[in-house]
Amino acid sequence: MVTTISRLAEYVGQQVMLQGWVANRRNSKGLVFLIVRDGSGFCQCVVAADQVAPSCFALAEHIGLESSCTLSGTVVRDERQIGGFEVQVRDLQLVGASQDYPIAKKEHGPDFLLDHRHLWLRSQRQWAIMRIRNAIIYALHRFFQQEGFVQMDAPIFTANAVEGTSTLFETDFYGSPAYLSQSGQLYGEAMAMAMGKIYTFGPTFRAEKSKTRRHLSEFWMIEPEMAFYDLDQNMDLIEAMLHFVLQAVLKECRFEFQLLNRDTTVLQRSAEQRFPRLTYEEAVALLTGRQHHNGTTTLGLLEADLEAVRKRKEAVVRELAERQQKLVGGSLRKGEANFNQAAIDRLKQELKDLEEDEANIPQWMASAREFRFGNDFGGSDETVLMRLFDVPIMVYNWPHEVKAFYLKRTADGRWAKGVDVLAPEGYGEIIGGGERETDINLLTEKIHEHKLPMEAFEWYLDLRRYGSVPHSGYGLGLERLVAWVCRLPHVRETIPFPRMYGRLTP
RNA sequence: UCCUCGGUAGCUCAGCUGGUUAGAGCAUCUGACUGUUAAUCAGAGGGCCGCUGGUUCAAGUCCAGCCCGGGGAGCCA
């Protein structure tokens, strides 16, 4: 008889018992509407004065938001309600009271919400995001397991940096300095030589003081590594993996996407179509606007974007003035005034975003126009380039000078066989990988060039001394993938407890 | 580290070229209403205007320094 909201469909017309929390309450004379959540979903439960004991009705009238309770009642189908069902309550019992719940039934700023992340996770939106994150993780495991991969874990304490460039978190390891892992990549290679095809799934740490919507100090990365794989096979695998994951999530998370208001057409396209594969040279030609794609150029599209932002900004400013005028003019009914106030709050937020865009787009255009051939792409370059595409693209064969030391070079020695996967809708790089260098001489040369301590890489060079084979792999940033799939403004909402520059609690 | 925007009630914000006692909505509490979807309606309580110093008869408002946060650059998944 105790069941969950997710299984209400099995009990239409029957009596059930639910255990959960009060997510919202609306009172009326003789009638109380409770939105109850139990982790599996949300459901409106109606308490009517003439259907329950007086003490029970009094409890319903005053029960605080996020109080925990058990209730029993009859399940009724009602398409208007969230989840499609309603419970007509016969009995309600308080389990744990809750008074003055801090997260109100209105919009909050990001800082306040992050300070209350332990409670924010209970809200509908966060529930949907975490369910999608879970579905993505589970689909990734299914994909790799059925493709014959073995999951193996790389260490988190490491003695030195993988790529001398990024800043690492230093800790004390029995008196010696140790660093939190910024990638399991090198260990992945060793494990692939033992098992053929492996993938790691674990936390990764970067100490860069990045304050952008794409960065976290602690994030989760999936890193497959395959023996006897070249760059093309690597790209085939990436495409198959993303197709599999997107198809699974689209199928399993319809309700979650609906809660998030996520238009899934781009995801659907990306789940079926092949991803364009561009060399670095081709990508640069598109980026700088010299090369057309489907009759347009990056710079042309950005020009149009900027114009659209300005037009929208004007409209927002005008609407704001009108609504503020109305409020000041007074004589509005209270409901109308509330509606106006809410609209003003939203418009102000939109105006801020538009102003950011208006300031950023010209800078991005300038940066794209002045892009120097041979450089790595910056965050804005990825955004600019991706204006041309509505499915992920793969950019490969990069100038070897700007890429990691372990990437294999093309026969002419000019390019590194790396590949970056860029997501559409402005999300940028979600995957970085490539074919690994097998020539021990080229590898040692690169280690010197990057001024890395040779003795720390002796074990890694052993992989080339004893039965080296062509091999490839890549790293998928879980939070960036979740952010794109959910179309969130910031990766901080994609992980239960984000760790980023300036944020260590809760 | 640099550029840029911000910090006013529990929350989201207004407060003009300095000028009487600091404003709104939401939330909370009290009351009204038998189908609400951020319910609605009437009323009440609620403020070291980020911190320190300066200019001034007078500072939430102007100036300087510091602290904290948003966005972006660099770096990257």
>> Students often get this wrong, so: under 4.0 angstrom with heavy atoms, is Gln81(A) touching a base, only sugar-phosphate, or nothing?
In response: base
> How would you label the contact of Glu356(A) with the nucleic acid (heavy atoms, under 4.0 Å): base, sugar-phosphate, or nothing?
Replying inline: base
>> Please determine whether any donor N or O and acceptor N or O are separated by less than 3.5 Å between the side chain of Arg503(A) and the base of rC68(B).
In response: no
> Is there a side-chain polar atom (N or O) of Arg213(A) under 4.0 Å from OP1 or OP2 of rA77(B)?
Replying inline: no
>> Once you apply a heavy-atom cut-off of 4.0 Å, does His490(A) come out as touching a base, just sugar-phosphate, or nothing?
In response: sugar-phosphate
> What does Gln44(A) touch in the nucleic acid at a heavy-atom separation under 4.0 angstrom: a base, only the sugar-phosphate, or nothing?
Replying inline: base
> Hey, does Gly502(A) reach any base, or is it just sugar-phosphate, or nothing, if we go heavy atoms under 4.0 Å?
Replying inline: sugar-phosphate
>> Under 4.0 Å, heavy atoms only, any strand: does Asn27(A) hit a base, just the sugar-phosphate, or nothing?
In response: base
> For the ring pair His450(A) and Tyr406(A), is the centre-to-centre distance below 6.0 Å?
Replying inline: no
> Roughly how far apart, to the nearest Å, are rG54(B) and rG18(B) at atom C1'?
Replying inline: 15 Å
>> OP1 or OP2 of rG35(B) versus the side-chain N and O atoms of Arg26(A): is any pair under 4.0 Å?
In response: no
> Is Phe33(A) touching bases, backbone alone, or none of the nucleic acid, heavy atoms closer than 4.0 Å?
Replying inline: base
>> So that I know where these two stand, are Phe143(A) and Phe149(A) an aromatic pair - ring centroids less than 6.0 Å apart?
In response: no
> Can you list the residues that meet the side-chain hydrogen bond (donor to acceptor under 3.5 Å, both in side chains) rule with Tyr474(A), with sequence neighbours excluded?
Replying inline: none
> Ignoring hydrogens and geometry, is there a side-chain-to-backbone donor-acceptor pair from Asp420(A) to Val395(A) under 3.5 Å?
Replying inline: no
> In whole Å, what separates the P atom of rA39(B) from that of rA27(B)?
Replying inline: 7 Å
>> If stacking means aromatic ring centre less than 5.5 angstrom from the base's six-membered ring centre, planes under 30°, is Phe219(A) stacked on rA77(B)?
In response: yes
>> My validator wants the stems of RNA chain B: runs of 3 or more consecutive Watson-Crick or G-U pairs, both distances under 3.5 Å, written as range with range.
In response: B:1-7 with B:67-73, B:10-13 with B:23-26, B:28-32 with B:40-44, B:50-54 with B:62-66
>> Are Tyr179(A) and Phe157(A), when compared by the centres of their aromatic rings, separated by less than 6.0 Å?
In response: no
> Which part of the nucleic acid does Glu86(A) contact within heavy-atom distance under 4.0 Å: base, sugar-phosphate only, or nothing?
Replying inline: base
>> By the 4.0 Å heavy-atom rule, please label Ser380(A) as base, sugar-phosphate, or nothing.
In response: sugar-phosphate
> Contact class for Arg80(A) (heavy atom, under 4.0 Å): base, sugar-phosphate, or nothing?
Replying inline: nothing
>> Please confirm whether the ring centroid of Phe377(A) lies under 6.0 Å from the ring centroid of Trp398(A).
In response: yes
> How would you label the contact of Ile35(A) with the nucleic acid (heavy atoms, under 4.0 Å): base, sugar-phosphate, or nothing?
Replying inline: nothing
>> Over all strands shown, is Arg492(A) touching base, sugar-phosphate only, or nothing at heavy-atom distances under 4.0 angstrom?
In response: sugar-phosphate
>> Could you tell me how far rG25(B) sits from rU40(B) if I compare only their P atoms? Round to whole Å.
In response: 13 Å
>> Tell me if the side-chain of Ser210(A) makes a donor-acceptor pair with the base of rC76(B), cut-off 3.5 Å, by modelled atom types.
In response: no
